[in-house]
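Throughout, protein chains are lettered first and strands after them, A, B, ... in sequence-line order, and every chain is numbered starting at 1. FYI, side chains are in, hydrogens and waters are out, and symmetry mates aren't considered; it's all heavy atoms of this structure.
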There are 4 protein chains.
Amino acid sequence: MESLSNYLIKGIDKEKKLTLKHQKILIAAIELISEKGYDKVATSEIAQRAGVAEGTIFRYYKTKKDLLNAIIVPSYIKFVAPMCINDFMEEVLEKDYHSFRALICHIVDDRIEFAKREELTIKILIQEFISQKDTREEIKEIFIDNAYPRVNKIIYRLKEKGEIIDIYTGEVIRIIISNIFGYFIQRFIICPELNYDDKHDKEVIANTIIKALAKEK
Amino acid sequence: MESLSNYLIKGIDKEKKLTLKHQKILIAAIELISEKGYDKVATSEIAQRAGVAEGTIFRYYKTKKDLLNAIIVPSYIKFVAPMCINDFMEEVLEKDYHSFRALICHIVDDRIEFAKREELTIKILIQEFISQKDTREEIKEIFIDNAYPRVNKIIYRLKEKGEIIDIYTGEVIRIIISNIFGYFIQRFIICPELNYDDKHDKEVIANTIIKALAKEK
Amino acid sequence: MESLSNYLIKGIDKEKKLTLKHQKILIAAIELISEKGYDKVATSEIAQRAGVAEGTIFRYYKTKKDLLNAIIVPSYIKFVAPMCINDFMEEVLEKDYHSFRALICHIVDDRIEFAKREELTIKILIQEFISQKDTREEIKEIFIDNAYPRVNKIIYRLKEKGEIIDIYTGEVIRIIISNIFGYFIQRFIICPELNYDDKHDKEVIANTIIKALAKEK
Amino acid sequence: MESLSNYLIKGIDKEKKLTLKHQKILIAAIELISEKGYDKVATSEIAQRAGVAEGTIFRYYKTKKDLLNAIIVPSYIKFVAPMCINDFMEEVLEKDYHSFRALICHIVDDRIEFAKREELTIKILIQEFISQKDTREEIKEIFIDNAYPRVNKIIYRLKEKGEIIDIYTGEVIRIIISNIFGYFIQRFIICPELNYDDKHDKEVIANTIIKALAKEK
DNA sequence: TATGAATGAGTCTTCATTCAT
DNA sequence: GATGAATGAAGACTCATTCAT
């Protein structure tokens with residue numbers, strides 16, 4: 001099985017030009033896995049929905065697990081990527097009095113929009129992250145190597161500027177992630193049958209995080 | 001398979017006096033499932049760790065799924081039960097200015113202590129709830145039937161008294177649950193290798209929830 | 001496993017005084033096996049319906065197969081017995097012109113009455129005879145050893161007297177049995193939901209056999 | 001499991017070109033089931049005799065029961081089919097004085113020849129029909145839907161023409177079937193070790209049926 | 001004598017993976 | 001590249017039988 005790290009390096013630009021069959025396989029896999037979960041989907045089922053022979057899947061992915069990674073990892077990376085881009089954060093942080101609010105509002109808005117676009121893969125990402133130990137370990141590793149140092153620096157800066165309260169970085173991250181992913185889980189997994197008012201929801205989530213973290217002045 | 005609702009009614013006190021083998025099976029199952037996840041554990045493996053013939057498992061549980069339920073459901077019920085007890089909440093709510101803070105502090109403290117005691121089953125509960133659709137549906141149903149009406153009433157009262165902000169009940173619940181379970185997931189699933197300072201953590205979580213929900217006065 | 005022959009010898013008078021539990025086991029077994037077939041009934045099921053512990057069954061019958069034999073064999077023996085009793089047949093045969101008709105009518109009437117009384121065991125007998133090779137072999141052996149010589153003699157006598165046509169004994173037997181058991185199979189196995197007019201049915205069956213076998217004069 | 005009715009419609013011509021392994025599986029299954037009965041044969045045993053992996057069986061038949069149906073149903077249909085063909089019967093019935101005799105002789109001859117060709121499947125058919133309730137129900141249903149109306153009409157016609165005695169259709173059918181299948185049971189199941197003189201046997205069976213049913217003139 | 005918990009071999013079935021075409 | 005038949009290990013579950021109490 002190829003490791004997630006490999007995907008991180010060479011994975012993304014792979015998507016340039018997939019063959020039609022390859023695309024169909026990916027789409028079928030994403031649909032089915034998001035419906036039933038990785039372990040509950042047979043490769044034969046994916047092949048059937050993709051209109052492809054079962055063997056063909058194994059031309060593109062040496063193992064079933066690789067196929068899962070091909071779905072999860074890019075999605076994960078795209079999800080975390082913004083936090084790895086220097087300029088964006090820096091810029092936000094240099095701004096005026098409202099910068100922390102602006103930062104959180106931006107993150108919440110951006111990530112919810114992203115999750116709406118990639119609903120199925122986000123759903124898979126969450127489910128596999130929670131239930132598959134190895135997937136979790138690999139994603140965790142990617143996070144620690146790539147996103148964490150940067151995020152840590154940003155949070156450190158915010159604390160210095162007196163924008164946020166003085167709790168551990170891990171806690172700040174947990175509070176942000178819990179509230180955003182708590183929403184995803186409610187919306188995409190527990191109650192997908194309800195209607196959601198994006199604008200209202202974003203506001204509530206952003207406010208929750210801001211009130212929890214912002215330093216009272 | 002017996003329905004979860006049956007467990008709700010008659011399940012808990014069942015644990016009076018299990019035979020030794022029965023206990024061993026439960027313990028082995030809890031350990032293994034919490035380590036690897038329900039689908040990844042074979043009944044033969046459970047039997048082996050329990051020092052019991054495979055067939056013996058099926059004397060106690062008609063199906064493997066029943067065994068899972070015997071683990072998950074009591075745990076879930078005990079987790080949710082406090083919210084179903086009238087007196088407790090009522091009492092807290094009648095208190096003075098600090099009542100909402102007291103309520104949240106109590107819930108957070110109580111549930112974290114509970115989760116520490118039942119770490120393995122809580123872990124299983126979370127993982128299966130997220131990854132198994134049917135488990136989720138059943139638990140959801142129990143919640144809607146039993147806890148929701150009561151919780152709704154309490155939240156309504158808090159809103160009336162001007163203690164908490166005016167957002168939907170679902171959102172209040174999500175914020176509370178996200179932050180508590182977000183902590184559990186971090187502590188028990190993602191980073192179980194770290195040390196945790198209970199007192200500090202409870203404070204941070206309680207504060208997060210309170211700041212997010214309390215009405216500014 | 002005890003052989004059928006043993007039952008033949010010592011089996012019947014066994015029924016003198018069965019304990020209550022023993023009786024209940026037999027009754028439960030007969031009901032269940034006639035409903036579902038020997039292989040489809042679990043000993044645990046029999047024990048349950050009999051209100052007896054599973055182990056108790058094995059006090060009375062060393063194996064499950066022995067239990068089946070205890071049901072089948074007496075039923076078979078009672079079914080075949082009349083043909084082994086000298087006096088009855090002799091007597092009939094000595095009678096006047098209508099003797100062959102009388103014989104067949106008597107057999108048909110007698111065996112149908114018997115089958116009605118013992119419907120469940122007859123049903124079991126037929127089913128197991130057809131589907132279980134070893135049961136069949138044992139019953140066949142009993143027939144060849146006990147009933148056949150006698151029956152053969154009777155048929156021979158009837159041929160001599162010009163009452164019946166000159167075909168092989170085996171064929172005579174087959175024609176009689178086919179038509180009687182064909183009726184049982186229809187009545188008890190294929191269409192048990194219909195109502196049956198005993199008098200009419202006996203007539204039809206007897207006539208069928210008589211017309212087929214009687215020598216035209 | 002595909003319903004028997006589906007087999008009725010599309011099943012027969014399926015046999016065009018089975019793969020070699022498929023054929024081997026069918027042959028092994030037919031042999032083993034006819035020897036020991038469906039319930040007594042393990043799929044692993046079939047696989048072994050067929051020289052095939054056990055899993056291969058399940059590529060061709062979703063369940064073991066489906067495999068049984070694949071054997072029984074075509075055999076049953078071919079057995080009953082002649083009675084569903086208009087022209088044949090019509091033609092026979094239009095004939096002269098000997099038409100009823102001709103009809104029965106034809107049926108007896110034809111069906112015995114068929115049974116000789118398909119001895120093993122006929123054996124399976126009989127055994128499973130008698131012992132498996134669900135198989136019986138399905139075959140019964142097919143008979144009632146397809147063959148019965150046609151057979152009923154023919155019998156009605158024969159009665160009108162004064163060819164046969166006035167008894168219920170069900171009885172006519174039973175007499176015919178009992179005598180033909182009684183022969184099969186004797187020949188293929190009870191005493192397969194004997195030699196049979198086809199010509200003689202056919203005559204005896206046909207005569208039995210004719211004498212039983214024909215109206216004396 | 002009666003129990004019923006325990007056994008473990010045996011059953012059907014699934015499915016990721018391989019490979020000859 | 002693409003196929004899909006074939007594999008066989010592994011899975012959940014059943015049940016006649018035993019045996020300590």
Rounded distance (Å) that lies between atom P of E/dC12 and atom NZ of D/Lys64: 4 Å
Boundaries of the DNA chain F segment in contact with chain B, non-hydrogen, under 4.0 Å: F/dG11 to F/dT14
Matching residue for D/Ile71 among D/Ile124, D/Leu125, D/Asp66 - test: side chain to side chain contact (heavy atoms under 4.5 Å, CB included): D/Ile124
Under 3.5 Å, side-chain donor or acceptor atoms of residues 20-33 of chain B against the rest of the protein: list the pairs with distances, not counting sequence neighbours.
residue : atom : partner : partner atom : Å
B/His22 : NE2  : B/Tyr61 : OH           : 2.7
B/Gln23 : NE2  : B/Leu18 : O            : 2.9
B/Glu31 : OE1  : B/Arg49 : NH1          : 2.8

Which residues share a side chain to side chain donor-acceptor pair (under 3.5 Å) with C/Ser75, sequence neighbours left out: none
With C/Thr121 via side chain to side chain donor-acceptor pair (under 3.5 Å) - residues at least two apart: C/Glu118
By side chain to side chain donor-acceptor pair (under 3.5 Å) - contacts of B/Gln127 (at least two apart): none
Partners passing side chain to side chain contact (heavy atoms under 4.5 Å, CB included) against B/Ala42 (at least two apart in sequence or in another chain): B/Ser44, B/Glu45
Nucleic acid contacts - residues 20-53 of chain A versus DNA chain F, non-hydrogen atoms under 4.0 Å: A/Lys21, A/Val52, A/Ala53
Intra- and interstrand pairs of DNA chain E - dot-bracket, Watson-Crick/G-U under 3.5 Å, | marks other strand: .||||||||||||||||||||
Nucleotide E/dG10, atom C1' - distance to CD of D/Glu54 in whole Å: 11 Å
Position toward the 5' end of DNA chain F (nearest nucleotide), C/Lys62 or D/Thr56: D/Thr56
Non-neighbouring partners of B/Lys140 that pass side chain to side chain contact (heavy atoms under 4.5 Å, CB included), sequence neighbours left out: A/Ile190, A/Cys191, A/Glu193, B/Glu137, B/Ile144
Side chain to side chain donor-acceptor pair (under 3.5 Å) partners for B/Thr43, two or more places apart: B/Glu54
Main-chain N/O of C/Ser34 paired with C/Lys123 side-chain donor or acceptor, under 3.5 Å: yes
C/Tyr60 side chain near E/dA2 phosphate (N/O to OP1/OP2, under 4.0 Å): yes
5' precedence on DNA chain E between B/Arg59 and A/Arg59 (nearest-nucleotide basis): B/Arg59
Pair listing, ring-ring contact (aromatic ring centres under 6.0 Å, His included) test, anchored in residues 33-58 of chain A, at least two apart: none
Nearest-angstrom distance from the residue atom CD1 of C/Ile57 to C1' of E/dT3: 12 Å
Which residues share a salt bridge (charged side-chain N to carboxylate O under 4.0 Å, His left out) with D/Lys40, sequence neighbours left out: C/Asp39
